[in-house]
Novice: 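Here you go, one structure.
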Number of protein chains: 2
Amino acid sequence: MLTPDPDPGPLDAVEPAQAERFSHARTAQSQALLEDYTEMIDDLIRETGEARITDIARQMGVTHPTATKAVARLKREGLAVSRPYRGVFLTETGAEMAERVRGRHRVVVDLLIAVGVPAEAAEIDAEGIEHHVSAATLRAFEDFLKGRG
Amino acid sequence: MLTPDPDPGPLDAVEPAQAERFSHARTAQSQALLEDYTEMIDDLIRETGEARITDIARQMGVTHPTATKAVARLKREGLAVSRPYRGVFLTETGAEMAERVRGRHRVVVDLLIAVGVPAEAAEIDAEGIEHHVSAATLRAFEDFLKGRG
DNA sequence: ACAAAGATGTAGCCATGTCTACATTTTTGC
DNA sequence: GCAAAAATGTAGACATGGCTACATCTTTGT
Ligand SMILES: [Mn+2]
Ligand SMILES: [Mn+2]
Ligand SMILES: [Mn+2]
Ligand SMILES: [Mn+2]
């Protein structure tokens with residue numbers, strides 16, 4: 001192809017950006033499970049003093065081997081530690097993630113409610129939405145909420 | 001355990017609802033890929049007259065075997081049809097999904113911008129957020145936007 | 001018409017995340 | 001202290017969604 005641009009068509013210019021967006025969304029999604037488990041384990045520890053595999057599984061709505069595998073991934077990624085037949089604990093990194101994720105979750109729920117989403121729908125949808133809220137978007141949400149005191 | 005409620009703890013009441021939310025988010029996520037491919041194939045057909053595997057792959061930012069597998073799933077779910085070495089076409093069901101998904105995507109982007117999210121961040125984040133926006137939330141978004149002329 | 005280039009198909013690898021089934025360990029209740 | 005119950009571990013199946021490598025078909029250019 002010696003003429004590299006034989007009528008680009010309306011799509012060619014937008015293509016790379018769109019592909020990048022899809023790719024970005026896939027990456028965000030791959031973090032979602034880690035974020036949810038981390039936040040939830042932190043919740044369990046705060047509220048019950050420990051996070052057992054059974055509790056984690058029940059809270060996530062999965063079977064216990066699924067929870068075990070998820071915790072294995074958390075450990076592999078340096079977010080949690082655990083020893084056989086003992087509870088799961090967050091590393092410092094994990095605790096920081098839990099902190100950050102909890103705050104973002106709350107802001108997302110509040111934002112949804114602030115624009116008129118019914119509370120129950122806000123709670124449900126936020127659980128998925130939160131993982132795709134970037135730092136820039138989070139900041140905008142916070143500013144919007146602030147301007148409503 | 002004869003005493004089935006030996007101090008419920010603050011968490012037990014909230015547990016089932018939370019598990020249900022996580023479960024709901026997982027289900028929504030399993031639809032995300034179908035929605036994105038369907039919308040995007042419809043875009044390609046509108047703008048270039050057809051949707052070839054290579055174009056689909058490039059637009060999604062994946063390799064062509066990945067696109068082929070995704071299209072196989074679309075066909076299996078009754079959203080698309082295709083024949084070897086020919087383009088991909090949407091069924092009536094697929095076209096309806098594309099229509100719905102396109103509208104929701106636009107509303108999500110507009111809502112994000114309306115609450116102050118920078119346009120580029122809105123475009124990026126919407127690609128992931130959209131799949132977790134329920135009918136109730138979408139309606140609220142539309143109402144909010146309406147009340148802004 | 002035909003060779004080269006491009007598009008598509010297909011096989012098979014890997015990682016993730018779900019499950020069921022079964023084994024083992026720990027905790028509980030008496 | 002010990003048997004039963006509960007919790008945890010582990011194996012292995014299945015589905016999904018990425019990828020590379022290679023085979024085959026179609027389109028293009030001369
Ligand atoms: Mn979540
Ligand atoms: Mn959350
Ligand atoms: Mn999307
Ligand atoms: Mn979209």
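For the numbers below, each heavy atom of this structure counts, side chains included, while hydrogens, waters and symmetry mates do not. Per chain, numbering begins at 1; letters A, B, ... match sequence-line order.
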Novice: Rounded to whole Å, how long is the line connecting atom CG of A:Asp55 with atom C1' of D:dA6?
Specialist: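 Atom CG in A:Asp55 sits about 12 Å away from atom C1' in D:dA6.
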Novice: May I ask you to say whether A:Asp43 pairs ionically with A:Arg46, meaning some side-chain N is under 4.0 Å from a carboxylate O?
Specialist: no
Novice: Salt bridge or not for B:Glu142 and B:Lys146, using N-O below 4.0 Å?
Specialist: no
Novice: How would you list all residue pairs meeting ring-ring contact (aromatic ring centres under 6.0 Å, His included) that involve residues 62-119 of chain A, not counting sequence neighbours?
Specialist: none
Novice: In this structure, how many angstroms lie between the C1' atom of C:dG17 and the CG atom of A:Leu34, rounded?
Specialist: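 Rounded to the whole Å, the gap is 12 Å.
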Novice: Which one of A:Arg102, A:Glu96, A:Met97 satisfies the side-chain contact (heavy atoms from CB on, under 4.5 Å) criterion with A:Arg100?
Specialist: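 When side-chain contact (heavy atoms from CB on, under 4.5 Å) is applied between A:Arg100 and each of A:Arg102, A:Glu96, A:Met97, only A:Met97 qualifies.
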Novice: Between atom CD in B:Gln29 and atom P in D:dG17, what is the gap in whole Å?
Specialist: 9 Å
Novice: It should be established whether A:Arg76 places a side-chain nitrogen or oxygen under 4.0 Å from OP1 or OP2 of nucleotide C:dT16.
Specialist: yes
Novice: When the distance from CZ of A:Phe22 to C1' of D:dG17 is rounded to whole Å, what number comes out?
Specialist: 15 Å
Novice: Relative to the 5' end of DNA chain C, which residue comes earlier, B:His64 or A:Ser30, by the nucleotide with the nearest heavy atom?
Specialist: B:His64
Novice: Would you indicate, yes or no, if D:dT8 has its OP1 or OP2 atom less than 4.0 angstrom from a side-chain nitrogen or oxygen of A:Thr68?
Specialist: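 Indeed not, no polar side-chain atom of A:Thr68 lies that close.
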Novice: Under 4.0 angstrom, heavy atoms only, what part of the nucleic acid is A:Thr54 near: base, sugar-phosphate, or nothing?
Specialist: sugar-phosphate
Novice: Could you give the CZ-to-C1' distance, from A:Arg26 to C:dA15, as a whole number of Å?
Specialist: 15 Å
Novice: Taking side-chain hydrogen bond (donor to acceptor under 3.5 Å, both in side chains) as the criterion, tell me which of A:Gln18, A:Arg21, A:His24 meets it with B:Glu127.
Specialist: A:Gln18
Novice: Let me know the distance between CD1 of B:Ile53 and P of D:dC19, rounded to the nearest Å.
Specialist: 14 Å
Novice: Is any side-chain N or O of A:Lys69 under 3.5 Å from a base N or O of C:dT18, one able to act as donor and the other as acceptor?
Specialist: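 Yes.
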Novice: Is there a continuous path of hydrophobic side-chain contacts, each under 4.5 Å between heavy atoms, that joins A:Leu145 to B:Leu111?
Specialist: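 Same cluster: A:Leu145 reaches B:Leu111 through Ile, Leu, Val, Met, Phe, Trp or Tyr contacts under 4.5 Å.
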Novice: Salt bridge between B:Glu50 and B:Arg86, side-chain N to carboxylate O under 4.0 Å?
Specialist: no
Novice: How is B:Thr66 classified with respect to the nucleic acid when contacts are heavy atoms under 4.0 Å: base, sugar-phosphate, or nothing?
Specialist: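 Answer is base: heavy atoms of B:Thr66 come under 4.0 Å of a base.
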Novice: Looking at the side chain of A:Pro65, which of D:dG18, D:dT20, D:dT10 is the nearest nucleotide?
Specialist: D:dT10
Novice: Between protein and nucleic acid, restricted to nucleotides 26-28 of chain C and to nitrogen or oxygen atoms under 3.5 Å apart, what atom pairs and distances do you find?
Specialist:
{"residue": "C:dT27", "atom": "OP1", "partner": "A:Arg86", "partner atom": "NH1", "Å": "3.2"}

Novice: Which whole-number value in Å describes the distance from B:Asp36 CG to D:dT16 C1'?
Specialist: 15 Å
Novice: Could you say whether A:Ser82 or B:Arg73 is positioned toward the 5' end of DNA chain D, judged by the nucleotide with the nearest heavy atom to each?
Specialist: A:Ser82
Novice: Could you state the atom-to-atom distance from CD of A:Gln31 to C1' of C:dT16 in whole Å?
Specialist: 13 Å
